[in-house]
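Notes to accompany the following structure.
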Amino acid sequence: MTDSPNDPLREAALAYHEFPKPGKLEIRATKPLANGRDLARAYSPGVAEACLQIKANPDDARRYTARGNQVAVVTNGTAVLGLGNIGALAAKPVMEGKAVLFKKFANIDCFDIELNESDPEKLADIVCALEPTFGAINLEDIKAPDCFIVEKICRERMNIPVFHDDQHGTAIVVGAAARNALFVAQKEFSEIKIVSTGGGAAGIACLNLLLKLGVKRENVWLCDIHGLVYKGRTEDMNPQKEAFAQDTDLRTLDEVIEGADLFLGLSGAEVLKPEHVKKMTGRPIILALANPVPEIWPDLARDVAPDAIIATGRSDFPNQVNNVLCFPFIFRGALDVAATEINDEMEIACVEAIAELARATTSAEAAAAYQGEQLTFGADYLIPKPFDPRLSSVVPAAVARAAMESGVAKRPLEDLVAYREKLNASVFKSALLMRPVFEAAATASRRIVFAEGEDERVLRAAQAILEETTELPILIGRPDVIAQRCERIGLQIRPDEDFSIVNPERDHRYRDYWATYHDIMKRRGVTPDLAKAIMRTNTTAIGAVMVYRGEADSMICGCFGEYRWHLNYVTQVLGDAQHHPHGALSLMILEDGPLFIADTHVRSRPTPEELAETAIGAARHVRRFGLEPKIAFCSQSQFGNQGSDSGNRLRAALEILDSRTRDFVYEGEMNLDAALDPELRERLLPGNRMEGAANVLLFSNGDTASGVRNILKMKSGGLEVGPLLMGMGNRAHIVTPSITARGLLNMAAIAGTPVAHYG
């Protein structure tokens, strides 16, 4: 919220909401509507069949409509953010924003509903009437105590989850932060004294949840704008506050803060003074959640209590208590088991799942989204960051389990492990496609050496490899640097305990390595002195020598540097009559499925023989992902209509392939649109040998293949797995500098598959 009409943030925010089209949401069809047949199925007369099926069995609405994945976020605009009662219409941008977060973080379709109704009972009647449309209701920004009334009525009358996020979402994230803050401070819920300021919907919900986590009611001291809530007080009281009334003569925050272990603020700016913090116990926990100005600024609290553990509602301080950690994921789990409500067990499961994630190793994706921040569990990292993708699977799975165990799930899941894998696949695009590769890799414990072992992405990948596979990572790098970086980024793994290290500066195998390299290269101009220098400085050459000597099964390099530079050393050491690089294959995971591109890095202008060799290798590798290859030879020329160099070489490659029986489908030469549009291809060449769209595009020019790969990455949101180096017997793979930690994990699984699995 800004004061000045010329504030840059204000202008940027307004432009964000206005352009390129007003608002933040749109509706898109999920089924084709291109002809009369589609229309007949989507609407009259075909739609009647779905209507009759639902009339006969109401639960079938989940099968034939989108209701099972639809949430309504409902407000009357009486308590919007820190803006107060601004009305339903002015609340719409906030509700649209909430809907966007549902979609972004949990792939839930959310509709914002703003109602001009201030009477809580009438508002509840309207919400209850929405039950046929939605799978769940998210109440939002309704003032207290009206929100208590609306939620109570809706929960009693509706048979779907009703969740007031301002209450319970805030409470869940506060519960997770408190759980981990107590862990750091070495205190227990049952022992602590809590002083809370606020007394509104969120504050009361937080206190109620803390009671369920083990806090004793007699240890909770609630203050509001009028002072302490005490027995006999009549001013500004309601049943929710009365539940926390203390039988005491104390009346002020200054009096009750003495000896408090935890301060919970959901009230107003600068309510908590430094002199109050002085009166708290050692290692005080301060959750100052008022926005935009907290109850106390963290630096002021630490001036008097340097060991204080502090959380706020702001993103510019550590430990932001943000409801987005909770609401998308608790709804995801509830919808997926068709829960009739969100109960205490589900809320506590959500608390524990969020808290456990922060105590676990930080994800590489979260680290990338929050570069420069320390994401190691401790006083400044109590809860995960909103963009931690692990939330999307861990929290819904915990919520779904709790719903099933507490008996509110109408459609229990048969396999929670499979459910988590499905959720992971929706977040990590490569997860589902990589499953056959990981399963194959699990059959052997292969040793994978990483040439750039000091790189943070490699370190995170090594942690994931040890957690998720049977492979054994070997890192090339300086042990002290690797150890320091592991500790700095919060990894649990340590050099020489969890993985092996080769130190280029000092390793007992140094003489063996340079002697081996010299023996390989002595007839190619490499002297002993040069071999020694290379084995001290060139980690790619060191990794290749390790594979050559049988000390590693495969190597991965290329996190920085130029591809062909790495390829030179890989080929020098590992190339022989049986093994030579004949192409790089990039798997691009797109919205409508996977697409392989070859050759993206190895050959600039391959010969017909090399093109045929690349096609054979691509077919073999595509099958590693459980797919049947359909290879399109792509060119400006189309089925012989041009005598260009590209077309001639591709046609010659096709003749080479045709000379023997092949076990994969290939066709060409053709334009890209013909490769991907089977109807167009059939018009151009009726009876061609390929059915459906091609899943491998093979180009006669390296520049073209590389360009298509990069366009798909940068403009189409394609996620790359690879590139896979074909022809080296799975003994080496060269990645590119844009690789992520998860990309390295995927490559390790590919490198970890024994050769026998893919021929």
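Scope of the values below: all heavy atoms of this structure, side chains included, with no hydrogens, waters or symmetry mates.
Using a 4.0 Å cut-off between charged nitrogen and carboxylate oxygen, Glu114 and Lys92 count as a salt-bridge pair. With respect to the salt-bridge test (charged N to carboxylate O, under 4.0 angstrom), the residues Lys152 and Glu156 qualify.
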Would you list the atom pairs, donor with acceptor, under 3.5 Å between side chains in residues 328-341 and any protein atom, with sequence neighbours excluded?
{"residue": "Arg332", "atom": "NE", "partner": "Asp336", "partner atom": "OD1", "Å": "3.4"}
{"residue": "Arg332", "atom": "NE", "partner": "Asp336", "partner atom": "OD2", "Å": "3.0"}
{"residue": "Arg332", "atom": "NH1", "partner": "Asn69", "partner atom": "OD1", "Å": "2.8"}
{"residue": "Arg332", "atom": "NH1", "partner": "Ala106", "partner atom": "O", "Å": "3.0"}
{"residue": "Arg332", "atom": "NH1", "partner": "Asn107", "partner atom": "O", "Å": "3.4"}
{"residue": "Arg332", "atom": "NH2", "partner": "Asn69", "partner atom": "OD1", "Å": "2.8"}
{"residue": "Arg332", "atom": "NH2", "partner": "Asp336", "partner atom": "OD1", "Å": "2.8"}
{"residue": "Asp336", "atom": "OD2", "partner": "Tyr419", "partner atom": "OH", "Å": "2.6"}

Solution key, residues 134-145 side-chain donor-acceptor pairs under 3.5 Å, sequence neighbours excluded:
{"residue": "Asn138", "atom": "OD1", "partner": "Lys98", "partner atom": "NZ", "Å": "3.2"}
{"residue": "Asn138", "atom": "ND2", "partner": "Glu140", "partner atom": "OE1", "Å": "3.3"}
{"residue": "Glu140", "atom": "OE1", "partner": "Lys98", "partner atom": "NZ", "Å": "2.5"}
{"residue": "Glu140", "atom": "OE2", "partner": "Lys98", "partner atom": "NZ", "Å": "3.4"}

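Under the salt bridge (Lys or Arg N to Asp or Glu O under 4.0 Å) criterion, the residue pairs touching residues 124-139 are Asp125-Arg157, with sequence neighbours excluded. Residues in residues 177-216 take part in these ring pair (Phe, Tyr, Trp, His ring centres under 6.0 Å) pairs, two or more places apart or across chains: Phe183-Phe377. Legend: salt bridge (Lys or Arg N to Asp or Glu O under 4.0 Å) pairs involving residues 201-217, not counting sequence neighbours, sorted by first then second residue: Lys212-Asp344. The ring pair (Phe, Tyr, Trp, His ring centres under 6.0 Å) analysis of residues 73-93, with sequence neighbours excluded, yields no pairs. Contacts classified as salt bridge (Lys or Arg N to Asp or Glu O under 4.0 Å) and involving residues 62-71 (residues at least two apart or in different chains) are given here: Asp60-Arg63. Among residue pairs with one or both ends in residues 389-414, none qualify as ring pair (Phe, Tyr, Trp, His ring centres under 6.0 Å); sequence neighbours excluded.
Between the side chains of Ser267 and Glu295, a donor-acceptor pair is found at a separation under 3.5 Å. Between the side chains of Glu49 and Gln53, not a single donor N or O lies within less than 3.5 Å of an accepting N or O.
Take His168 and apply the ring-ring contact (aromatic ring centres under 6.0 Å, His included) test, not counting sequence neighbours, and it matches Phe163. With sequence neighbours excluded, the residues forming a side chain to side chain contact (heavy atoms under 4.5 Å, CB included) with Ser406 are Asn343, Glu345, Val408, listed by chain and number. Phe625 meets the ring-ring contact (aromatic ring centres under 6.0 Å, His included) test with Phe596; sequence neighbours excluded. By the ring-ring contact (aromatic ring centres under 6.0 Å, His included) test, Tyr43 pairs with no residue at all, sequence neighbours left out.
Here the CG atom belonging to Leu89 is positioned 12.0 Å from the CG atom belonging to Leu115, to the nearest 0.5 angstrom. In this structure, NZ in Lys385 is found 14.5 Å from CG in Leu357, a value given to the nearest 0.5 Å.
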- [ ] Begin from the C-alpha positions of Phe387 and Phe105 and carry the test ring-ring contact (aromatic ring centres under 6.0 Å, His included) through to its verdict.
- [x] CA-CA 8 Å; Phe387 283 96; Phe105 290 106; 5.3 Å; yes

